[in-house]
Number of protein chains: 2
Amino acid sequence: MGTTQLDTVQEPKYWHLKTVLSDALDSEFAVGEILPNERDLAARFGVARATLRQALEQLELEGRLQRRRGVGTTVAPPRMGVPVDRSGHSWPGAPGDAWQPADAAAVDGGSVPPAVAEPLGVDAGDTVHVVRRTRVDNGQPVAAELLYVPAESVPGLATAAATGPVARARAVLQELQRLDLDGEERAVELGSARAEDAKQLDRLPGAPVLVVTTRYVTGGRTTAVSVSTYRADTCRLTFGDRDDVAVLTG
Amino acid sequence: MGTTQLDTVQEPKYWHLKTVLSDALDSEFAVGEILPNERDLAARFGVARATLRQALEQLELEGRLQRRRGVGTTVAPPRMGVPVDRSGHSWPGAPGDAWQPADAAAVDGGSVPPAVAEPLGVDAGDTVHVVRRTRVDNGQPVAAELLYVPAESVPGLATAAATGPVARARAVLQELQRLDLDGEERAVELGSARAEDAKQLDRLPGAPVLVVTTRYVTGGRTTAVSVSTYRADTCRLTFGDRDDVAVLTG
DNA sequence: TAGTGGTCTAGACCACTCA
DNA sequence: GAGTGGTCTAGACCACTAC
């Protein structure tokens, strides 16, 4: 807005800008509304476009804005709560889970990421089934997943029976249901979207994501590992021990 | 390294740079080692410093690098696993939890963030105790927390008894232990460090953080809410239902 | 084709750390 | 005081979207 000459305390311009914009978003804009373009905004605030962009990037990181190339910058809706654990442990693919199987492939144990191969105890020469799944909430893609299942864990799998990619994925998931599940162990960390994930999530490569790594434990052994990649800008991951979630914000 | 003229496919320079640097980190550098400074690196790769910095920022976001003004850029150790839930539910401040109480204050219900006030059901005029705690793992500050406890939840609290700030914090925590805890409900989302948190976490304002919001439920009502802010660059939050965590990576 | 955000440059100065 | 990363500028061109 006007001139702010209390720069006696050194506060980066982009930080101050972010605060001003954040307040403006609360008071003067509605969800979905399009902001002025970056060149105009920069001129209005008397800063270089790069500086303005630094402020916008922060606000996008916090889920306040959504930017789309060729379109513009819009005010983002509040983050959606995405339930990550289910009350009572269950295997992926159990009835009612939120994921859609996409395809499956059998790969060599040497080609899976070390962070996955290690807990599974697989090496080069072993076979690992990799199931791809996606998750759509509120009509929007929110997550992509790779589920790693050593062939050893599903000895009854009839590999030849399935014809299409989705059928192959379902076959692996169905075999998992036969096993007892003793427990799950999860880790959440910040990452950036690989090119492949970015495409599925409708974001640019490098976009911030929340990576959830889950170990599925049966009889003291890790029988499967999943790596789920959630859009960090639109998702708030929820972990509840009660069924009636759907609380807090909208 | 050398010239890479397979730019037939349009891939941003910073993205390619990031890949090259990431590989170099794996093969040519040890944890803690100092990289060449940004001006030298940019010259070496034949790009502007801003472009080089874009790649470094990504790698820092992924926890691969650590940058400190006036010092340099170093290779970061693998993220540490930080247990967020405890086996068996328990109140904050229960014996053995990883947090250090810092201080406590009684504030008006109108001045707590809406995302906290709403589930607690507090309004302006109500009194809410705010306990500040910090968490240090491996000699490094990893998280800062604000715990909101409505005065209504701890009617037995003797406010005048405590003398120092830490004692006041402990007094609130001790009162909590008297209540039954039916369940906890958590949410994890990406945020950026407020100036205050940044100082405690030894980071610059705006640094990416994982914000864990926990609702403590007693008899169907939310009796306390905590907002914990973890350094996203150094932490991997773990949620396990088994005691013997301490697995995966180092 | 016009307009948007995304990438990139070649500078400059500042805040901080440390010898 | 020398060297580091952090901020900022004023441009330019590119990739994408929508009309």
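Protein chains get the first letters and strands the later ones, always in sequence-line order, with residue 1 at the start of each.
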Query - Min side-chain heavy-atom separation V166(A)-D103(A) under 4.5 Å - result: no
Query raised in the report: Taking 5' to 3' order, which nucleotide of DNA chain C is first and which is last to have an atom within less than 4.0 Å of a heavy atom in chain B?
Result: dT7(C) to dT17(C)
Query raised in the report: Ignoring hydrogens and geometry, is there a side-chain-to-backbone donor-acceptor pair from R79(B) to L190(A) under 3.5 Å?
Result: yes
Query raised in the report: When you look at CG of D202(B), are more than 12 heavy atoms from neighbouring residues, nucleotides or ligands closer to it than 6.0 Å?
Result: no
Report summary line: Rounded to whole Å, CD of E38(B) lies from C1' of dG3(D) at a distance of 12 Å
Requested in this report: To the nearest 0.5 angstrom, please state how far the CD atom of E145(A) sits from the CD atom of Q100(A).
Outcome: 12.0 Å
Query - side chain to side chain contact (heavy atoms under 4.5 Å, CB included), paired with D197(A), selected from V209(A), T229(A), V227(A) - result: T229(A)
**Report entry** Sidechain-backbone polar pair: T19(B) side chain, W15(B) backbone, donor-acceptor under 3.5 Å
**Finding:** yes
Query - R49(A), CZ: over 12 other non-hydrogen atoms inside 6.0 angstrom - result: yes
Requested in this report: To the nearest Å, give me how far apart CG (L41(B)) and P (dT4(D)) are.
Outcome: 11 Å
Query raised in the report: OP1 or OP2 of dG3(D) sitting under 4.0 Å from any side-chain N/O of N37(B)?
Result: no
Report task. Pull out every residue in residues 47-69 of chain A that has a heavy atom closer than 4.0 Å to any atom of DNA chain D, ordered by number, or say none. Result -> V47(A), A48(A), R49(A), A50(A), T51(A), Q54(A), R69(A)
Query raised in the report: Could you go step by step and tell me if Q140(B) and L201(B) meet the side chain to side chain contact (heavy atoms under 4.5 Å, CB included) rule?
Result: CA-CA 9 Å; Q140(B) 196 179 180; L201(B) 299 178; over 6 Å; no
